[in-house]
Amino acid sequence: MADEKSLNFIEEIIENDIAAGVNDGRILTRFPPEPNGYLHIGHATSICLNFGLAKKYNGKCNLRFDDTNPVTEETEYVDNIKQDIKWLGFEWDNEFYASDYFEKLYGFAVRLIEKGLAYVDDSTAEEIAATKGSTVAPGSDSPFRNRSIEENLTLFSEMRAGKYKDGEKTLRAKIDMAHPNLLLRDPLMYRIKHAHHHRTGNDWCIYPMYDFAHGQSDSIEEITHSICTLEFIHHRPLYNWFIEQLGIFPSRQFEFARRNLTYTVMSKRKLLQLVNEQHVAGWDDPRMPTISGMRRRGYPAVALRQFSDTVGIAKRENIVDIGLLEFYVRENLNKSTDRVMAVLDPLKLVVTNYELDGEVFEIENNPETPNGTRSVPFSRELWIEREDFMEVPAKKYFRLAPGNLVRLKGAYIVRCEGCKKAEDGTIEEVYCTYLPESKSGNDTSGLSVKGTIHWVSTKDAITAEVRLYDRLFRVEDPSSEDGDFKEYINPDSLNVLPAVYIEPALQRAVAGESYQFMRKGYFCVDSESTPGKLVFNRTVTLKDAWAKEVKRN
RNA sequence: AGUUCGAUGGUGUAACGGUAGCACCACAGACUCUGACUCUGUUAGUCUAGGUUCGAAUCCUAGUCGGACUACCA
């Protein structure tokens, strides 16, 4: 029985094209970022789609930077975008830039002028907007619409030569000022910008608009399937118009719905605001939905790929639960990470009947994917998690409480004998006795206890800074709420614990590594971490049935 | 209002005229030297109204609701 995965609508189109022999079955896609910001999880979907399609259908995928606006674009962004794509696990066939085609594009523009399909307009931006009409009213012709071909040719070459100031003139396609599709009301093809370009320097002072660059670049590269997001659907007639009038290779555009995620924002404009106004520490802040932020947070690349695959593509608006991404993050980290013990909120536990100087236990690193053991020192005084003790235990609580038995992970079973309290009632120390015959791996006590807690020996512990990250926003969809989206930033999205006690084996942890802090979550070593000052980021918590139980009551 | 795209459990996505399925979430239980993982089970869906058909989520008609478009950004 064929258990084939069903095709998404773009795969159907491609398979139909292959069956029909379109382009002899050749498949060439492209991923076309503008280098004016960092890539986010939405781009990851597009990357997985374009590169994935190429791979699946024996085709290729180009990386093409859509760098037609020199004032917002920077080389820094180019470098980071390339790094992000590689990290996600994809390789491009060619690395191209729309700016590589400036000369060709100029030639295309001249060709359209010669065909009487483009003209130089002296109107100001305001005048052009005013004559554009509206969704319900037609626009009106520019007074410069009927210049002669010769005059247009001269003017356009003067524009290129730098004879005019920014905004003084534009080149427009001559289509129809009454067209119901606003984009076809004589769209701008070129504008004047005396600005330095990250690649072409000062060679040009006129730059093509998106609509006159993207489709033509696709065509120059002979892209077969140009896949973009839904908001470009209105551009498709224009995309096709330029290609037809120019008589160049007929790339075709297909649109799918962009992915939205709960508890975050995705527009580059908003992300840039978060960075510039320092609500976050940068584009790669672990709270950001950027690929670099997620990488720094400790999300495995494979989790992003699985997430993209599961979510799939379609044409309807959507907002995907961030919990689904977190599911894949946990699923992968559960298999791959070594378990270690770290006490985030310390409370001292004294094993009153422990007479030895100490012992060293060998504790297994990873029960899911066996990966050896490590040495963990044990002694009379330990740090345990404050929440693992209750003087008056709640219903169903099976950790430490007077009279209760609990297993110290990898060591002994202990019985809680009491605690010491400060004047204000704060618990200062917990006392217990251990059962020597319950030694881990050699337990002859015959007891089975319900609870196991983690611990770190006080005299052997080392410290690390731990950064507890939570969702950046307090509401599911900040963009759809009233007022400014920044009002909905979660004030507790970052909680820095300056000196968490961790087991000494972690001294050699290096940046980028991930660990499971037992019972607390997955943590990765931050890029700022050094052997002298270890820094861990919380990637994601473990699922916590007890926390849920507490919340319920 | 014009153009245009869309509508399947809480979320995302299948079913292409023939038993509405999968994943996440939620809930209940089993297991557990992580209240994790794993395992078992449960709740819950075709926007509405007509029509075509033996049979409609699927085709047709009308309506409802939602998104996108009116930058010298992409």
Side-chain angles (χ1 to χ4, degrees), chain A residues 5-8 12 32-34 36 66-69 71-73 98 121 123-125 128-129 132-139 166-172 179-183 185 188-193 206-207 209-211 213-214 228-236 255 257 259 262 268-269 307 310-328 330-331 334-335 339 341 363-364 367-368 396-399 406-411 413 438 440-441 443 448-454 476 516-521 541-549:
Chain A
K5 201 176 169 241
S6 56
L7 303 178
N8 64 49
E12 278 181 20
E34 183 191 9
N36 70 344
D66 234 334
D67 55 350
T68 56
N69 185 0
V71 301
T72 57
E73 295 155 5
D121 194 341
S123 305
T124 64
I128 288 176
K132 183 109 187 178
S134 72
T135 53
V136 288
D166 286 11
E168 209 175 323
K169 286 182 167 37
T170 57
L171 183 72
R172 292 228 257 168
H179 198 104
N181 182 341
L182 292 287
L183 287 163
R185 319 244 262 226
L188 265 55
M189 294 166 61
Y190 272 90
R191 78 288 218 195
I192 300 170
K193 275 182 195 285
I206 57 172
Y207 292 92
M209 300 289 290
Y210 167 84
D211 286 305
H214 199 98
C228 60
T229 46
L230 234 40
E231 69 267 26
F232 289 99
I233 200 160
H234 301 91
H235 296 249
R236 191 170 59 206
E255 311 84 11
R259 311 310 333 193
T262 55
K268 266 194 210 171
R269 203 193 94 250
F307 172 75
T310 303
V311 162
I313 65 156
K315 297 182 85 160
R316 74 183 88 136
E317 308 93 53
N318 58 78
I319 177 158
V320 188
D321 190 344
I322 180 80
L324 182 61
L325 213 205
E326 291 175 343
F327 166 79
Y328 285 112
R330 289 192 183 101
E331 185 178 62
N334 175 50
K335 286 182 217 144
R339 274 60 171 167
M341 296 193 283
I363 301 182
E364 78 173 330
E368 300 285 331
K396 294 189 189 170
Y397 185 81
F398 50 74
R399 277 116 88 149
V406 127
R407 159 78 62 183
L408 294 174
K409 173 70 191 178
I413 291 174
S438 67
S440 192
D443 186 349
S448 79
V449 295
K450 184 86 173 145
T452 297
I453 64 173
H454 60 278
E476 278 202 358
Q516 185 195 101
F517 287 1
M518 292 202 81
R519 306 204 303 137
K520 296 272 80 175
T541 59
L542 254 29
K543 288 218 281 184
D544 190 343
W546 172 246
K548 209 180 278 180
E549 179 72 28

Undergrad: Once you apply a heavy-atom cut-off of 4.0 Å, does H235(A) come out as touching a base, just sugar-phosphate, or nothing?
TA: base
Undergrad: Within the 4.0 Å heavy-atom criterion, would you say Y207(A) contacts the bases, only the backbone, or no part of the nucleic acid?
TA: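 If one applies the 4.0 Å heavy-atom cut-off, Y207(A) turns out to touch nothing in the nucleic acid.
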Undergrad: Using only modelled atom types and a 3.5 angstrom limit, is any donor from either the side chain of K450(A) or the base of rU32(B) paired with an acceptor on the other?
TA: yes
Undergrad: Can you list every pair that meets salt bridge (charged side-chain N to carboxylate O under 4.0 Å, His left out) and has a residue in residues 317-328 of chain A, with sequence neighbours left out?
TA: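 Sorted pair list: E326(A)-R471(A).
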Undergrad: Would you say rU13(B) has OP1 or OP2 under 4.0 Å from some side-chain N or O of R259(A)?
TA: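 So the side-chain polar atoms of R259(A) do come within 4.0 Å of the phosphate oxygens OP1 or OP2 of rU13(B), strictly under.
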Undergrad: So, do W546(A) and R399(A) sit near enough that their side-chain heavy atoms are less than 4.5 Å apart?
TA: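 In contact.
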Undergrad: Determine which nucleotide pairs with rG2(B), using a 3.5 Å limit on both distances of a Watson-Crick or G-U wobble pair.
TA: rC69(B)
Undergrad: Quote, to the nearest angstrom, the P distance that separates rA15(B) from rC59(B).
TA: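 Straight-line distance between the two P atoms is 12 Å.
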Undergrad: Under 4.0 Å, counting only non-hydrogen atoms across every strand here, what does G139(A) touch: a base, just sugar-phosphate, or nothing?
TA: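 No contact.
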Undergrad: F307(A) CZ to rU11(B) C1': how many Å, rounded?
TA: 11 Å
Undergrad: Base, sugar-phosphate or nothing for K335(A)? Non-hydrogen atoms, less than 4.0 Å.
TA: nothing
Undergrad: Base, sugar-phosphate or nothing for N181(A)? Non-hydrogen atoms, less than 4.0 Å.
TA: nothing
Undergrad: Can you find a heavy atom in the side chain of Y190(A) that is under 4.5 Å from one in the side chain of R172(A)?
TA: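 Side-chain contact under 4.5 Å: no.
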Undergrad: Check the phosphate of rC73(B) against K268(A), side-chain N and O only, distance under 4.0 Å to OP1 or OP2. Yes or no?
TA: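 Indeed not, no polar side-chain atom of K268(A) lies that close.
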Undergrad: Please name the residue in the list R236(A), K315(A), H235(A) that meets the side chain to side chain donor-acceptor pair (under 3.5 Å) test with E255(A).
TA: R236(A)
Undergrad: Base, sugar-phosphate, or nothing for P33(A), non-hydrogen atoms under 4.0 angstrom?
TA: nothing
Undergrad: Tell me, do I206(A) and M189(A) make a side-chain contact under 4.5 Å, heavy atoms counted?
TA: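 No; the side chains remain at least 4.5 Å from each other.
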Undergrad: Using a 4.0 Å heavy-atom cut-off across all strands, classify K543(A) as base, sugar-phosphate, or nothing.
TA: sugar-phosphate
Undergrad: Could one point to a donor on the side chain of S440(A) or the base of rC33(B) with an acceptor on the other under 3.5 Å away?
TA: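 It does, because a donor-acceptor pair links the side chain of S440(A) to the base of rC33(B) below 3.5 Å.
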Undergrad: Base, sugar-phosphate or nothing for E34(A)? Non-hydrogen atoms, less than 4.0 Å.
TA: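 E34(A): backbone/sugar contact only, no base atoms under 4.0 Å.
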Undergrad: If you measure from the C1' atom in rU34(B) to the same atom in rC24(B), how many Å do you get, rounded?
TA: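 Taking atom C1' in both rU34(B) and rC24(B), they lie 23 Å apart.
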Undergrad: Considering only atom P, compute the distance from rG6(B) to rU40(B) and round it to an integer number of Å.
TA: 39 Å
Undergrad: Is the phosphate of rG12(B) approached by K315(A) (side-chain N or O, under 4.0 Å from OP1 or OP2)?
TA: no
Undergrad: With sugar-phosphate meaning primed atoms plus P, OP1 and OP2, does G167(A) contact a base, only sugar-phosphate, or nothing at under 4.0 Å between heavy atoms?
TA: base
Undergrad: Would you say the side chain of E368(A) and the base of rU38(B) hold a donor-acceptor pair, judged only by whether the two atoms sit under 3.5 Å apart?
TA: no
Undergrad: Which is true for Y190(A) with a 4.0 Å heavy-atom rule: it touches a base, it touches only sugar-phosphate, or it touches nothing?
TA: nothing
Undergrad: Considering only atom P, compute the distance from rG63(B) to rC25(B) and round it to an integer number of Å.
TA: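 About 42 Å, rounded to a whole number of Å.
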Undergrad: Reckon R191(A) has a side-chain N or O less than 4.0 Å from the OP1 or OP2 of rA74(B)?
TA: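 Looking at the OP1 and OP2 atoms of rA74(B), one of them is under 4.0 Å from a side-chain N or O of R191(A).
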Undergrad: Quick one: is the NZ or CZ of K450(A) closer than 6.0 Å to the six-membered ring centre of F398(A), and within 45° of its axis?
TA: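 Yes, a cation-pi geometry holds between K450(A) and F398(A).
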Undergrad: Do we count Y210(A) as stacking onto rA74(B) if the rule is ring centres under 5.5 Å and planes under 30°?
TA: no
Undergrad: Looking only at atom P, what distance separates rG66(B) and rA1(B), rounded to whole Å?
TA: 12 Å
Undergrad: Categorize E549(A) for me: base, sugar-phosphate, or nothing, with a 4.0 angstrom heavy-atom threshold over every strand shown.
TA: nothing
Undergrad: Heavy atoms under 4.0 Å, any strand shown: does G410(A) hit a base, just sugar-phosphate, or nothing?
TA: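 The residue G410(A) makes base contact.
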Undergrad: Quick one: on RNA chain B, does M518(A) or T68(A) contact a more 5' nucleotide (nearest heavy atom)?
TA: M518(A)
Undergrad: Under a 4.0 Å threshold between the charged nitrogen and the carboxylate oxygen, would R407(A) count as salt-bridged to D443(A)?
TA: yes
Undergrad: For rG41(B) and rU53(B), measure between their P atoms and round to the nearest Å.
TA: 43 Å
Undergrad: Check this one for me: any side-chain N or O of R330(A) less than 4.0 Å away from OP1 or OP2 of rC24(B)?
TA: no
Undergrad: Hey, does the side chain of K169(A) come within less than 4.0 Å of rC72(B)'s phosphate (OP1/OP2), counting only N and O?
TA: no
Undergrad: Report yes if at least one side-chain N or O of R316(A) is closer than 4.0 Å to OP1 or OP2 of rU13(B); otherwise report no.
TA: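 R316(A) to rU13(B) OP1/OP2: side-chain N or O found under 4.0 Å.
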Undergrad: Please name the nucleotide paired to rU61(B) by Watson-Crick or G-U wobble geometry with both distances under 3.5 Å, or report none.
TA: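 Base partner found: rA49(B).
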Undergrad: Do E317(A) and rG6(B) have a side chain to base donor-acceptor pair shorter than 3.5 Å?
TA: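 In this structure, the two groups form no donor-acceptor pair.
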Undergrad: For G323(A) and L188(A), find the nucleotide of RNA chain B closest to each by heavy atoms; which residue's nucleotide sits nearer the 5' end?
TA: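 Final value for this comparison: G323(A).
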Undergrad: Give L183(A) one of three labels, base, sugar-phosphate or nothing, depending on what nucleic acid heavy atoms sit under 4.0 Å from its own.
TA: nothing
Undergrad: So what does L542(A) touch, heavy atoms closer than 4.0 Å: a base, only the sugar-phosphate, or nothing?
TA: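 If one applies the 4.0 Å heavy-atom cut-off, L542(A) turns out to touch a base.
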Undergrad: Quantified in whole Å, what is the P atom distance between nucleotide rA62(B) and nucleotide rU4(B)?
TA: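 Each nucleotide's P atom is 14 Å from the other's.
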Undergrad: What distance, rounded to whole Å, do you find between the two P atoms, one in rA49(B) and one in rC65(B)?
TA: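 These two P atoms come out 16 Å apart once rounded.
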Undergrad: May I ask which nucleotide in the shown strands pairs with rG21(B), Watson-Crick or G-U wobble, both distances under 3.5 Å?
TA: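 For rG21(B), the partner nucleotide comes out as rU13(B), under the 3.5 Å rule.
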Undergrad: I'd like to know if the side chain of N181(A) and the backbone of H234(A) have a donor-acceptor N/O pair within less than 3.5 Å.
TA: yes
